[in-house]
Number of protein chains: 2
Amino acid sequence: MPSKPTPITMDAVYAAPGYLFRRMQQIAVALFVEECRAFDLTPVQYAALVAIHTHPGIDATRLSAVIAFDRSTLGSVIERLETKKLIDRKPSPEDKRVKLLYLTRAGAAILRDIMPSVEKAQVRMLQPLKPADRKVLLALLTQLVDLNNESSRVPLRAEDALEHMGRTG
Amino acid sequence: MPSKPTPITMDAVYAAPGYLFRRMQQIAVALFVEECRAFDLTPVQYAALVAIHTHPGIDATRLSAVIAFDRSTLGSVIERLETKKLIDRKPSPEDKRVKLLYLTRAGAAILRDIMPSVEKAQVRMLQPLKPADRKVLLALLTQLVDLNNESSRVPLRAEDALEHMGRTG
DNA sequence: ATTTGATTGACAGTATACTGACAATATGAC
DNA sequence: GTCATATTGTCAGTATACTGTCAATCAAAT
(Lines give C-alpha, C1' and ligand atoms only; values in the text may rest on other atoms or scores of the structure.)
Protein backbone atom coordinates (compact mmCIF):
# COMPACT_ATOMS: atom_id res chain seq x y z
CA MET A 1 0.00 0.00 0.00
CA PRO A 2 1.11 3.59 -0.63
CA SER A 3 2.77 5.36 2.29
CA LYS A 4 0.81 8.32 3.60
CA PRO A 5 1.97 11.73 2.34
CA THR A 6 4.19 13.70 4.69
CA PRO A 7 2.22 16.52 6.31
CA ILE A 8 3.54 19.96 5.37
CA THR A 9 4.12 21.72 8.68
CA MET A 10 6.71 24.03 10.16
CA ASP A 11 7.31 21.49 12.90
CA ALA A 12 8.54 19.07 10.24
CA VAL A 13 10.98 21.75 9.09
CA TYR A 14 12.12 22.54 12.63
CA ALA A 15 12.77 18.85 13.31
CA ALA A 16 14.64 18.17 10.05
CA PRO A 17 18.35 17.52 10.58
CA GLY A 18 19.24 19.70 7.61
CA TYR A 19 17.43 22.67 9.10
CA LEU A 20 19.06 22.10 12.50
CA PHE A 21 22.53 21.88 10.99
CA ARG A 22 21.96 25.13 9.14
CA ARG A 23 20.77 26.91 12.27
CA MET A 24 23.61 25.56 14.33
CA GLN A 25 26.16 26.58 11.75
CA GLN A 26 24.81 30.12 11.75
CA ILE A 27 24.95 30.21 15.54
CA ALA A 28 28.50 28.86 15.47
CA VAL A 29 29.64 31.56 13.03
CA ALA A 30 27.92 34.29 15.05
CA LEU A 31 29.68 33.19 18.23
CA PHE A 32 33.04 32.90 16.47
CA VAL A 33 32.79 36.35 14.94
CA GLU A 34 31.67 37.84 18.24
CA GLU A 35 34.55 36.35 20.22
CA CYS A 36 37.14 37.11 17.54
CA ARG A 37 35.92 40.55 16.53
CA ALA A 38 39.17 42.17 17.63
CA PHE A 39 41.11 40.07 15.09
CA ASP A 40 38.82 40.59 12.11
CA LEU A 41 39.13 36.96 11.04
CA THR A 42 36.32 34.71 9.82
CA PRO A 43 36.14 31.01 10.73
CA VAL A 44 37.22 30.09 7.21
CA GLN A 45 40.17 32.46 7.25
CA TYR A 46 41.19 31.10 10.64
CA ALA A 47 41.10 27.48 9.44
CA ALA A 48 43.13 28.42 6.37
CA LEU A 49 45.76 30.11 8.52
CA VAL A 50 46.05 27.04 10.76
CA ALA A 51 46.47 24.77 7.74
CA ILE A 52 49.15 27.00 6.24
CA HIS A 53 50.85 27.11 9.62
CA THR A 54 50.97 23.34 9.93
CA HIS A 55 51.77 22.84 6.22
CA PRO A 56 54.03 25.71 5.17
CA GLY A 57 54.47 25.84 1.41
CA ILE A 58 51.15 24.13 0.71
CA ASP A 59 49.38 25.10 -2.52
CA ALA A 60 45.76 26.18 -2.90
CA THR A 61 44.46 22.87 -4.23
CA ARG A 62 45.97 20.85 -1.39
CA LEU A 63 44.84 23.45 1.12
CA SER A 64 41.29 22.99 -0.08
CA ALA A 65 41.58 19.23 0.52
CA VAL A 66 43.09 19.65 3.97
CA ILE A 67 40.31 21.90 5.27
CA ALA A 68 37.58 20.55 2.98
CA PHE A 69 36.72 23.93 1.50
CA ASP A 70 35.74 24.56 -2.06
CA ARG A 71 38.70 25.32 -4.33
CA SER A 72 36.96 28.22 -6.07
CA THR A 73 35.94 29.81 -2.79
CA LEU A 74 39.41 29.40 -1.40
CA GLY A 75 40.82 31.61 -4.13
CA SER A 76 39.14 34.69 -2.73
CA VAL A 77 39.89 33.66 0.84
CA ILE A 78 43.59 33.46 0.02
CA GLU A 79 43.42 36.79 -1.75
CA ARG A 80 41.92 38.42 1.34
CA LEU A 81 44.55 36.91 3.62
CA GLU A 82 47.22 38.16 1.26
CA THR A 83 45.71 41.66 1.21
CA LYS A 84 45.80 41.67 5.00
CA LYS A 85 49.46 40.62 4.75
CA LEU A 86 48.88 37.50 6.84
CA ILE A 87 50.22 35.16 4.16
CA ASP A 88 52.71 35.23 1.30
CA ARG A 89 52.21 33.59 -2.07
CA LYS A 90 55.36 32.50 -3.85
CA PRO A 91 55.59 30.80 -7.24
CA SER A 92 56.78 27.21 -7.06
CA PRO A 93 60.19 26.66 -8.67
CA GLU A 94 59.13 23.14 -9.68
CA ASP A 95 55.72 23.81 -11.19
CA LYS A 96 54.93 27.08 -12.92
CA ARG A 97 51.21 26.65 -12.30
CA VAL A 98 51.52 26.45 -8.53
CA LYS A 99 51.76 29.21 -5.94
CA LEU A 100 53.00 28.17 -2.53
CA LEU A 101 51.50 29.60 0.63
CA TYR A 102 53.39 30.74 3.72
CA LEU A 103 52.42 32.62 6.88
CA THR A 104 53.97 36.05 7.29
CA ARG A 105 55.22 37.11 10.69
CA ALA A 106 51.95 38.99 11.20
CA GLY A 107 50.03 35.87 10.20
CA ALA A 108 51.87 33.70 12.70
CA ALA A 109 51.36 36.35 15.38
CA ILE A 110 47.63 36.77 14.83
CA LEU A 111 47.22 33.00 14.84
CA ARG A 112 49.00 32.73 18.17
CA ASP A 113 46.99 35.58 19.68
CA ILE A 114 43.56 34.55 18.44
CA MET A 115 43.66 31.03 19.90
CA PRO A 116 42.10 31.86 23.30
CA SER A 117 39.20 33.65 21.60
CA VAL A 118 38.65 30.74 19.24
CA GLU A 119 38.64 28.39 22.22
CA LYS A 120 36.10 30.56 23.99
CA ALA A 121 33.80 30.53 20.98
CA GLN A 122 34.00 26.74 20.63
CA VAL A 123 33.19 26.30 24.32
CA ARG A 124 30.23 28.68 24.13
CA MET A 125 28.64 26.75 21.27
CA LEU A 126 28.14 23.67 23.42
CA GLN A 127 27.87 25.47 26.77
CA PRO A 128 24.05 25.16 27.06
CA LEU A 129 24.32 21.35 27.13
CA LYS A 130 25.22 19.29 30.16
CA PRO A 131 28.92 18.32 30.07
CA ALA A 132 28.14 14.66 29.42
CA ASP A 133 25.82 15.61 26.57
CA ARG A 134 28.49 17.80 25.01
CA LYS A 135 30.78 14.82 24.75
CA VAL A 136 28.07 12.64 23.24
CA LEU A 137 27.08 15.25 20.67
CA LEU A 138 30.65 15.93 19.69
CA ALA A 139 31.42 12.23 19.32
CA LEU A 140 28.33 11.54 17.20
CA LEU A 141 28.93 14.63 15.07
CA THR A 142 32.54 13.65 14.46
CA GLN A 143 31.43 10.18 13.44
CA LEU A 144 28.70 11.50 11.18
CA VAL A 145 30.91 13.99 9.37
CA ASP A 146 33.52 11.30 8.85
CA LEU A 147 31.06 8.71 7.58
CA ASN A 148 29.43 11.25 5.27
CA ASN A 149 32.78 12.51 3.99
CA GLU A 150 32.26 11.28 0.46
CA SER A 151 28.83 12.88 0.26
CA SER A 152 30.28 16.36 0.51
CA ARG A 153 31.32 18.29 -2.56
CA VAL A 154 34.83 18.63 -1.20
CA PRO A 155 35.68 15.54 0.84
CA LEU A 156 38.31 15.98 3.49
CA ARG A 157 41.70 14.58 2.47
CA ALA A 158 43.79 15.28 5.51
CA GLU A 159 47.40 14.17 5.55
CA ASP A 160 47.33 11.85 2.57
CA ALA A 161 46.55 14.86 0.45
CA LEU A 162 50.11 15.92 1.06
CA GLU A 163 51.75 12.70 -0.03
CA HIS A 164 52.69 14.14 -3.37
CA MET A 165 54.08 17.38 -2.06
CA GLY A 166 57.74 18.13 -2.21
CA ARG A 167 59.75 16.88 0.73
CA THR A 168 61.36 20.27 1.16
CA GLY A 169 58.38 22.03 2.74
CA MET B 1 49.35 30.23 37.02
CA PRO B 2 48.86 30.92 33.35
CA SER B 3 47.09 28.22 31.34
CA LYS B 4 49.21 26.56 28.71
CA PRO B 5 48.77 27.90 25.17
CA THR B 6 46.53 25.86 22.90
CA PRO B 7 48.64 23.93 20.38
CA ILE B 8 47.98 24.99 16.80
CA THR B 9 47.19 21.75 14.96
CA MET B 10 44.77 20.61 12.30
CA ASP B 11 43.42 18.04 14.72
CA ALA B 12 42.26 20.87 16.95
CA VAL B 13 40.41 22.33 13.95
CA TYR B 14 38.90 18.96 12.98
CA ALA B 15 37.63 18.46 16.55
CA ALA B 16 36.19 21.95 16.94
CA PRO B 17 32.38 21.98 17.06
CA GLY B 18 32.25 25.00 14.78
CA TYR B 19 34.23 23.21 12.10
CA LEU B 20 32.07 20.09 12.41
CA PHE B 21 28.86 22.08 12.15
CA ARG B 22 30.15 23.77 9.00
CA ARG B 23 31.13 20.46 7.40
CA MET B 24 27.85 18.86 8.32
CA GLN B 25 25.87 21.77 6.94
CA GLN B 26 27.71 21.50 3.64
CA ILE B 27 27.03 17.78 3.52
CA ALA B 28 23.37 18.39 4.32
CA VAL B 29 23.01 20.91 1.51
CA ALA B 30 24.79 18.62 -0.95
CA LEU B 31 22.43 15.75 -0.13
CA PHE B 32 19.36 17.98 -0.32
CA VAL B 33 20.34 19.39 -3.69
CA GLU B 34 21.15 15.94 -5.02
CA GLU B 35 17.82 14.43 -3.98
CA CYS B 36 15.80 17.44 -5.07
CA ARG B 37 17.63 18.20 -8.31
CA ALA B 38 14.51 17.55 -10.38
CA PHE B 39 12.69 20.38 -8.58
CA ASP B 40 15.45 22.99 -8.76
CA LEU B 41 14.76 24.16 -5.19
CA THR B 42 17.38 25.01 -2.56
CA PRO B 43 16.88 24.15 1.12
CA VAL B 44 16.22 27.79 1.90
CA GLN B 45 13.66 28.14 -0.89
CA TYR B 46 11.98 24.96 0.31
CA ALA B 47 11.71 26.21 3.91
CA ALA B 48 10.30 29.52 2.71
CA LEU B 49 7.66 27.74 0.64
CA VAL B 50 6.60 25.62 3.62
CA ALA B 51 6.31 28.70 5.83
CA ILE B 52 4.23 30.55 3.25
CA HIS B 53 2.09 27.44 2.87
CA THR B 54 1.36 27.23 6.59
CA HIS B 55 1.06 31.02 6.97
CA PRO B 56 -0.58 32.35 3.83
CA GLY B 57 -0.43 36.14 3.66
CA ILE B 58 2.67 36.38 5.83
CA ASP B 59 5.01 39.31 5.13
CA ALA B 60 8.77 39.11 4.58
CA THR B 61 9.79 40.29 8.04
CA ARG B 62 7.59 37.76 9.83
CA LEU B 63 8.68 35.07 7.40
CA SER B 64 12.28 35.73 8.37
CA ALA B 65 11.38 35.26 12.04
CA VAL B 66 9.45 32.05 11.39
CA ILE B 67 12.29 30.32 9.56
CA ALA B 68 15.11 32.23 11.30
CA PHE B 69 16.64 33.51 8.07
CA ASP B 70 18.22 36.89 7.60
CA ARG B 71 15.78 39.55 6.44
CA SER B 72 18.13 40.96 3.83
CA THR B 73 18.89 37.54 2.39
CA LEU B 74 15.23 36.68 2.30
CA GLY B 75 14.56 39.54 -0.10
CA SER B 76 16.44 37.84 -2.91
CA VAL B 77 15.04 34.41 -2.00
CA ILE B 78 11.51 35.79 -2.33
CA GLU B 79 12.41 37.44 -5.59
CA ARG B 80 13.67 34.14 -7.00
CA LEU B 81 10.54 32.29 -5.89
CA GLU B 82 8.44 34.99 -7.51
CA THR B 83 10.42 34.77 -10.74
CA LYS B 84 9.79 31.03 -10.78
CA LYS B 85 6.10 31.82 -10.28
CA LEU B 86 5.91 29.74 -7.12
CA ILE B 87 4.65 32.62 -4.98
CA ASP B 88 2.64 35.81 -5.39
CA ARG B 89 3.39 39.10 -3.68
CA LYS B 90 0.41 41.35 -3.05
CA PRO B 91 0.44 44.76 -1.36
CA SER B 92 -1.27 44.81 2.03
CA PRO B 93 -4.43 46.92 2.11
CA GLU B 94 -3.73 47.82 5.73
CA ASP B 95 -0.07 48.80 5.53
CA LYS B 96 1.41 50.35 2.41
CA ARG B 97 4.91 49.19 3.35
CA VAL B 98 3.99 45.53 3.50
CA LYS B 99 3.78 42.95 0.74
CA LEU B 100 1.90 39.77 1.57
CA LEU B 101 3.11 36.40 0.35
CA TYR B 102 0.98 33.58 -1.06
CA LEU B 103 1.73 30.29 -2.79
CA THR B 104 0.67 30.05 -6.40
CA ARG B 105 -0.90 26.84 -7.66
CA ALA B 106 2.48 25.84 -9.04
CA GLY B 107 4.06 26.61 -5.67
CA ALA B 108 1.58 24.42 -3.81
CA ALA B 109 2.06 21.66 -6.37
CA ILE B 110 5.86 21.64 -6.24
CA LEU B 111 5.72 21.64 -2.44
CA ARG B 112 3.45 18.61 -2.46
CA ASP B 113 5.61 16.78 -4.99
CA ILE B 114 8.99 17.53 -3.47
CA MET B 115 8.18 16.16 -0.01
CA PRO B 116 9.35 12.57 -0.64
CA SER B 117 12.69 13.78 -1.98
CA VAL B 118 13.15 16.10 1.00
CA GLU B 119 12.39 13.19 3.31
CA LYS B 120 14.92 11.03 1.53
CA ALA B 121 17.63 13.67 1.91
CA GLN B 122 16.93 14.11 5.62
CA VAL B 123 17.12 10.35 6.16
CA ARG B 124 20.38 10.07 4.24
CA MET B 125 22.08 12.70 6.39
CA LEU B 126 21.81 10.55 9.51
CA GLN B 127 21.84 7.17 7.76
CA PRO B 128 25.49 6.33 8.62
CA LEU B 129 24.67 6.38 12.34
CA LYS B 130 23.04 3.55 14.24
CA PRO B 131 19.30 4.20 14.67
CA ALA B 132 19.63 4.80 18.39
CA ASP B 133 22.46 7.27 17.80
CA ARG B 134 20.39 9.16 15.24
CA LYS B 135 17.75 9.82 17.87
CA VAL B 136 20.31 10.94 20.42
CA LEU B 137 22.04 13.28 17.98
CA LEU B 138 18.77 14.78 16.80
CA ALA B 139 17.55 15.30 20.36
CA LEU B 140 20.78 16.98 21.47
CA LEU B 141 20.96 19.11 18.34
CA THR B 142 17.36 20.25 18.80
CA GLN B 143 18.11 21.17 22.39
CA LEU B 144 21.29 22.98 21.49
CA VAL B 145 19.75 25.05 18.71
CA ASP B 146 16.88 25.99 20.99
CA LEU B 147 19.11 26.93 23.93
CA ASN B 148 21.41 28.95 21.65
CA ASN B 149 18.50 30.67 19.91
CA GLU B 150 19.33 34.13 21.23
CA SER B 151 22.96 33.80 20.15
CA SER B 152 22.00 33.69 16.49
CA ARG B 153 21.69 36.85 14.44
CA VAL B 154 18.11 36.01 13.60
CA PRO B 155 16.53 34.16 16.53
CA LEU B 156 13.63 31.91 15.71
CA ARG B 157 10.28 33.42 16.62
CA ALA B 158 7.88 30.74 15.60
CA GLU B 159 4.20 31.23 16.18
CA ASP B 160 4.40 34.22 18.49
CA ALA B 161 5.89 36.13 15.61
CA LEU B 162 2.45 36.03 14.06
CA GLU B 163 0.54 37.43 17.02
CA HIS B 164 0.34 40.85 15.50
CA MET B 165 -0.72 39.72 12.07
CA GLY B 166 -4.17 40.52 10.80
CA ARG B 167 -6.80 37.95 11.72
CA THR B 168 -7.98 37.84 8.12
CA GLY B 169 -5.04 35.81 6.73
C1' DA C 1 59.11 14.57 -29.50
C1' DT C 2 54.37 14.85 -29.94
C1' DT C 3 49.96 14.06 -28.52
C1' DT C 4 46.60 12.97 -24.88
C1' DG C 5 44.89 13.74 -20.62
C1' DA C 6 45.07 15.66 -16.03
C1' DT C 7 46.04 19.49 -12.91
C1' DT C 8 46.38 24.40 -11.36
C1' DG C 9 44.77 28.78 -10.59
C1' DA C 10 41.58 32.02 -12.31
C1' DC C 11 37.13 33.61 -13.62
C1' DA C 12 31.96 34.17 -14.47
C1' DG C 13 27.54 33.14 -12.70
C1' DT C 14 24.26 31.90 -9.03
C1' DA C 15 22.75 31.51 -4.08
C1' DT C 16 22.98 32.09 0.70
C1' DA C 17 24.47 35.07 4.89
C1' DC C 18 25.42 39.33 7.44
C1' DT C 19 26.19 44.68 8.07
C1' DG C 20 24.74 48.94 7.71
C1' DA C 21 22.11 52.38 5.53
C1' DC C 22 17.94 54.39 3.41
C1' DA C 23 13.10 56.26 2.01
C1' DA C 24 8.44 55.40 2.80
C1' DT C 25 5.33 54.56 6.07
C1' DA C 26 3.19 53.68 10.50
C1' DT C 27 2.65 54.51 15.54
C1' DG C 28 2.81 56.85 20.00
C1' DA C 29 3.50 60.76 22.88
C1' DC C 30 2.17 65.16 23.51
C1' DG D 1 -2.15 67.52 14.46
C1' DT D 2 2.84 67.24 15.01
C1' DC D 3 6.96 65.29 16.15
C1' DA D 4 9.99 61.47 17.69
C1' DT D 5 10.45 56.74 17.06
C1' DA D 6 9.97 52.29 15.01
C1' DT D 7 9.07 49.20 11.17
C1' DT D 8 9.15 47.57 6.22
C1' DG D 9 11.27 46.52 2.18
C1' DT D 10 15.27 47.57 -0.39
C1' DC D 11 19.97 48.29 -1.54
C1' DA D 12 25.17 48.43 -1.38
C1' DG D 13 29.07 46.07 0.33
C1' DT D 14 31.53 41.98 2.04
C1' DA D 15 32.24 36.86 2.63
C1' DT D 16 31.37 32.15 1.99
C1' DA D 17 29.76 28.20 -1.17
C1' DC D 18 29.10 25.73 -5.53
C1' DT D 19 29.03 25.09 -10.94
C1' DG D 20 31.16 25.29 -14.90
C1' DT D 21 34.73 26.96 -17.97
C1' DC D 22 39.29 28.30 -19.46
C1' DA D 23 44.41 28.94 -20.54
C1' DA D 24 48.68 27.54 -18.93
C1' DT D 25 51.18 23.89 -17.60
C1' DC D 26 52.55 19.33 -16.44
C1' DA D 27 52.76 14.19 -16.90
C1' DA D 28 52.25 9.93 -19.32
C1' DA D 29 51.81 7.19 -23.31
C1' DT D 30 53.52 6.28 -27.49
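Keep in mind it's a predicted model, so treat the numbers as computed, not measured. A, B, ... follow the sequence lines: proteins, then strands. Residue 1 opens every chain.
The nearest whole Å value for the distance from the CG atom in B:Leu81 to the P atom in C:dA15 is 10 Å. Between the CD atom of A:Glu34 and the C1' atom of C:dT19 there is a distance of 15 Å, given to the nearest Å. Atom pair B:Ile67:CD1 and C:dT16:C1' shows a separation of 12 Å (rounding to whole Å applied). For A:Glu82 and C:dG9, the CD to P distance is 13 Å, given to the nearest whole Å. In this structure, CZ of A:Phe32 is placed 15 Å from P of C:dC18, rounded to the nearest angstrom. Residue A:Ile58 contributes atom CD1, which lies 10 Å from atom P of C:dG9 at whole-angstrom precision. For the pair A:Gln26 CD and C:dT19 P, the computed distance is 11 Å after rounding to whole Å. For the pair B:Leu74 CG and C:dT16 P, the computed distance is 10 Å after rounding to whole Å.
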Evaluation steps, side-chain contact (heavy atoms from CB on, under 4.5 Å), between A:Leu126 and A:Asp133: CA-CA 9 Å; A:Leu126 302 183; A:Asp133 285 347; over 6 Å; no
Going through the distances and angles, do A:Gln25 and B:Gln26 end up as a side-chain contact (heavy atoms from CB on, under 4.5 Å)? CA-CA 10 Å; A:Gln25 210 268 323; B:Gln26 287 176 355; over 6 Å; no
Do B:Arg62 and B:Asp59 pass the side-chain contact (heavy atoms from CB on, under 4.5 Å) test, and can you show the C-alpha distance, the side-chain angles, and the key distance before you say yes or no? CA-CA 6 Å; B:Arg62 251 148 290 270; B:Asp59 62 277; 2.7 Å; yes
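Salt bridge status for A:Lys99 with A:Glu79: absent, with no side-chain N to carboxylate O gap under 4.0 Å.
At C:dT14, none of the side-chain N or O atoms of B:Arg80 fall inside 4.0 Å of OP1 or OP2 (strictly under the cut-off). A sub-4.0 Å separation between OP1 or OP2 of D:dT16 and a side-chain N or O of A:Gln45 is present.
Counting non-hydrogen atoms under 4.0 angstrom, A:Thr73 reaches a base of the nucleic acid. Residue A:Val77 is in sugar-phosphate contact alone, with no base atom involved, counting any heavy-atom pair closer than 4.0 Å across all strands shown.
Side-chain atoms of A:Tyr19 come within 3.5 Å of backbone N or O of B:Ile67 as a donor-acceptor pair.
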What one-letter contact string describes nucleotides 3-10 of chain D from 5' to 3', where B marks a base within less than 4.0 Å of any protein heavy atom, S marks contact via sugar-phosphate atoms alone, and - marks no contact? ----BBBS
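Where A:Lys84 and B:Arg37 each meet DNA chain D at their nearest nucleotide, the meeting point lying more 5' is that of A:Lys84. Projected onto DNA chain D by closest heavy-atom contact, A:Pro43 and B:Glu79 fall at different nucleotides, the more 5' of which corresponds to B:Glu79.
Across A:Leu144, A:Asn149, A:Asp146, a single residue satisfies side chain to side chain contact (heavy atoms under 4.5 Å, CB included) together with B:Arg23, and that is A:Asn149.
If you take CD1 on A:Ile27 and OG on B:Ser151, they are separated by 7.0 Å, rounding to the nearest 0.5 Å.
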